[in-house]
Amino acid sequence: MTVRTRFAPSPTGYLHIGGARTALFNWLFARHHGGEYLLRIEDTDRERSTQEAVDQILDSLAWLGLSPDEPPVFQAQREARHREIAEALLAMGKAYRCWATPEELTEMRERAAAEGRPPRYDRRWRDREPGPEQAGKPFAIRIKAPLEGETIVPDLVQGEVRVANGELDDMIILRSDGTPTYLHAVVVDDHDMRITHVIRGDDHLTNTFRQCMVYDAMGWHRPHFAHMPLIHGADGAKLSKRHGAVSVLDFREQGFLPDAVGNYLLRLGWGHGDEEFIPRDRAVTLFDIKDVGRAAARMDYAKLTHLNGQYLRLADDDALTRDVLERLAKRTVLFGTDGAKRVRMLMPALKERAKTLEELTGAAVFAVQDGPPVMEAKAEALLTPEAKARLADLAAFLQTAPWERSDLDQWLRDYCEVKGIKLGQVAQPLRAALSGSTTSPPIDAVLWALGREEATLRILAGAS
RNA sequence: GUCCCGUUCGUCUAGAGGCCUAGGACACCAGCCUUUCACGUUGGCAGCACGGGUUCGAAUCCCGUACGGGACGCCA
């Protein structure tokens with residue numbers, strides 16, 4: 001049987017990093033087994049669901065390379081089917097009508113809390129026929145939970161999880177307004193979508209017992225379950241905005257590459273020996289749900305950043321240049337005539353020195369603009385009278401230098417030898433004049449990319 | 001409160017009874033490389049939550065405690 005997995009977010013907000021990891025594991029599991037990976041938008045909460053959130057989720061998944069293999073299923077559109085199954089259960093005697101009012105239920109819960117019992121519906125309508133006063137009154141449909149025995153769920157991550165059936169409630173599957181509840185809709189949808197493996201966050205672990213009631217009552221095969229631990233913030237608490245970036249789109253904006261985010265997320269709670277750098281295709285072959293850890297993991301931005309640097313160094317120079325130019329434009333930096341070309345020329349050197357696209361963008365500003373760069377204080381300090389004199393001298397000699405990337409380095413060394421100075425003595429003031437900073441790509445690369453004319457202009461400006 | 005799940009360096013993890021003097025990665029510190037910064041490289045710091053068992057032998061198995069997380073809605 002073909003493996004089919006699904007990612008089922010509810011569109012009540014942006015896709016956060018925890019959801020992204022759930023999607024990734026579903027995707028990897030499906031790919032590893034040559035199966036299909038689907039998306040279901042759980043939009044049954046009309047109050048909180050928005051089209052904007054749906055678009056953001058789709059956008060985030062596409063960015064991560066986790067778009068579904070089939071068009072997304074919208075849960076709200078399947079209401080009739082959910083109702084049909086609820087009524088079938090009723091007809092089979094596996095569910096019943098309940099006329100208990102919200103007030104009655106609240107009272108039940110409060111009394112239970114006061115007596116130290118778990119809050120539970122008392123099943124008052126399970127075996128009771130409606131009287132005349134119920135006529136025309138709205139009712140909910142509740143499923144009959146098994147009274148004895150226990151429910152065992154073999155979980156692919158957590159192992160065998162079991163609970164005494166006495167702990168289970170007669171949960172509502174159809175509300176009194178005729179709409180299905182989440183726990184019921186999920187089961188019907190997963191069954192209809194022929195999902196073979198339900199991989200989700202372990203906040204759903206105990207819900208699984210309740211969902212099993214529906215599978216069992218309908219006589220449907222239960223899918224395999226795998227509940228993965230949640231991601232926490234650096235302080236161990238549930239991940240939230242105060243921990244920094246949580247939305248997938250935030251990571252994109254901050255200059256992380258989707259491959260790096262994917263690799264990081266994969267290693268969070270999953271490992272394969274000592275391997276750390278695991279590109280997507282390698283992940284597909286290695287991934288085994290059984291290797292997923294059982295404990296919650298904390299988000300570590302430093303490690304993500306490090307990994308991002310590794311992917312950045314391997315990234316395509318043209319693609320990086322495009323991205324950086326876009327970011328520069330967004331920063332409203334003024335492009336020089338040859339600005340874009342210079343950024344591209346320096347990209348191989350630039351990307352070795354950055355860990356994120358934002359950092360890369362900052363490092364490219366001096367190259368894209370025309371004219372003397374904005375001087376950092378530390379760079380300014382390098383331009384002593386002595387250094388300025390040297391720059392002026394160098395500018396004159398530079399007019400006859402060969403302007404090739406491969407020749408400039410040697411030419412500079414020769415120049416220093418003739419003048420009897422160390423390379424560092426000329427390189428640093430030169431770096432300051434050309435880039436306005438004390439750090440930059442190798443100075444010969446900067447000279448080469450800037451071109452003789454622009455370089456001369458900046459050196460003379462620095463010398464005066 | 002009841003039920004479910006978890007606990008190896010600061011963080012992510014390797015580890016399926018002897019291979020463990022507990023390995024790797026990030027972070028941190030020091031050295032090397034070097035025209036700056038990075039990269040790279042060498043070394044260092046640092047951990048089996050605690051208490052009982054079982055066993056010739058336990059990070060690994062069992063029980064308990066502590067701590068953490070999750071679920072208990074006519075929310076998803």
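Protein chains get the first letters and strands the later ones, always in sequence-line order, with residue 1 at the start of each. These numbers were taken from a predicted model, which means no experiment stands behind them.
Contacts of A:Thr438 with the nucleic acid, taken as non-hydrogen atoms under 4.0 Å apart, include base atoms. Across all strands shown, A:Arg431 has heavy atoms under 4.0 Å from base atoms, whether or not it also approaches the sugar-phosphate. Backbone-only contact: A:Leu268 has heavy atoms under 4.0 Å from sugar-phosphate atoms and none from a base. A:Glu42 comes within 4.0 angstrom of the backbone, heavy atoms only, and of no base. Across all strands, A:Thr44 comes closer than 4.0 Å only to sugar-phosphate atoms, never to a base (heavy-atom distances). Residue contacts shown for A:Leu105 include a base, since a base heavy atom lies under 4.0 Å away. Residue contacts for A:Asp444: at a heavy-atom cut-off of 4.0 Å it reaches a base atom on one of the strands shown. Within 4.0 Å of A:His232, counting heavy atoms only, lie sugar-phosphate atoms of the nucleic acid but no base atom. Using a 4.0 Å heavy-atom distance criterion, A:Arg48 is classed as a base contact. Among the heavy atoms of the strands lying under 4.0 Å from A:Arg294 are primed sugar atoms or P, OP1, OP2 only; no base atom is included. Looking at heavy-atom distances under 4.0 Å, A:Ala100 makes contact with a base. Residue contacts shown for A:Arg40 are absent, as no nucleic acid heavy atom lies under 4.0 Å away. Here A:Gly309 lies out of heavy-atom contact (under 4.0 Å) with every strand. Residue-level contact check: A:Leu205 touches the backbone only, with heavy atoms under 4.0 Å from sugar-phosphate atoms and none from bases.
Listed by chain and residue number, A:Asp189 satisfy the side-chain hydrogen bond (donor to acceptor under 3.5 Å, both in side chains) test with A:His82 (two or more places apart in sequence, or in another chain). Annotation: side-chain hydrogen bond (donor to acceptor under 3.5 Å, both in side chains) contacts of A:Asp291 (sequence neighbours excluded): none. Under the rule for a side-chain hydrogen bond (donor to acceptor under 3.5 Å, both in side chains), the partners of A:Gln428 that lie at least two apart in sequence or sit in another chain are A:Arg431. A search for side chain to side chain contact (heavy atoms under 4.5 Å, CB included) contacts involving A:Ala76 returns A:Asp43, A:Arg46, not counting sequence neighbours. Taking the salt bridge (Lys or Arg N to Asp or Glu O under 4.0 Å) definition, one finds that A:Asp122 meets it with A:Arg124, sequence neighbours left out. Not counting sequence neighbours, the partners of A:Lys419 by the side chain to side chain contact (heavy atoms under 4.5 Å, CB included) test are A:Asp393, A:Phe397, A:Tyr415, A:Ile421. Evaluation of the side-chain hydrogen bond (donor to acceptor under 3.5 Å, both in side chains) rule for A:Arg294 yields no partner, not counting sequence neighbours.
A ring-ring contact (aromatic ring centres under 6.0 Å, His included) with A:Phe256 is found for one member of A:Tyr264, A:Tyr311, A:Phe251 and no other, namely A:Phe251.
Nucleotide B:A76 forms no Watson-Crick or G-U wobble pair with any nucleotide shown, as no partner meets the under 3.5 Å limit on both distances. When both pairing distances are held under 3.5 Å, B:G57 makes no Watson-Crick or G-U pair with any nucleotide shown. Base pairing analysis places B:C67 opposite B:G6; the two distances defining the Watson-Crick or G-U wobble pair are each below 3.5 Å. The partner of B:A46 cannot be assigned: no Watson-Crick or G-U wobble pair with both contacts below 3.5 Å exists in any strand. Pairing of B:C19, defined by two Watson-Crick or G-U wobble distances under 3.5 Å, is not identified with any nucleotide. Summarising the base pairing, B:C37 is matched to no nucleotide, lacking a Watson-Crick or G-U wobble pair whose two defining distances lie under 3.5 Å.
Between A:Ile17 and A:Val261, the closest side-chain pair of non-hydrogen atoms falls below 4.5 Å.
Annotation: B:C29 and B:C72 have their P atoms spaced 45 Å apart (nearest Å). The same atom, C1', is picked in B:U11 and in B:C28; the two are 12 Å apart, to the nearest Å. A gap of 16 Å separates the C1' atoms of B:G10 and B:C48, to the nearest Å. Comparing B:A25 with B:C62, their P atoms sit 32 Å apart, to the nearest whole Å. B:G18 and B:C61 have their C1' atoms separated by 15 Å, with the value rounded to a whole Å. Distance noted for atom C1' between B:U2 and B:A59: 32 Å (whole Å). Taking atom P on both nucleotides, B:A22 is separated from B:C45 by 12 Å, rounded to a whole Å. Annotation: B:U13 and B:G47 have their C1' atoms spaced 12 Å apart (nearest Å).
The 5' end of RNA chain B is approached more closely, in terms of each residue's nearest nucleotide, by A:Val163 than by the other of A:Asp203 and A:Val163. Mapping A:Asn207 and A:Asp202 onto RNA chain B by nearest heavy atom places A:Asp202 closer to the 5' end of the strand.
Here the closest heavy-atom approach between residue A:Tyr121 and residue A:Tyr96 is recorded as CE2-OH, 3.3 Å.
RNA chain B is contacted by A:Glu352, A:Arg353, A:Lys355 of residues 348-355 of chain A, taking any non-hydrogen atom closer than 4.0 Å.
The nucleotide range of RNA chain B contacted by chain A, defined by atoms under 4.0 angstrom from heavy atoms of the protein and reported 5' to 3', is B:G1 to B:A76.
Remark: A:Glu417 CD is loosely packed, at most 12 non-hydrogen atoms of other residues, nucleotides or ligands lying under 6.0 Å away.
Between A:Trp448 and A:Trp403, the distance from one ring center to the other does not fall under 6.0 angstrom.
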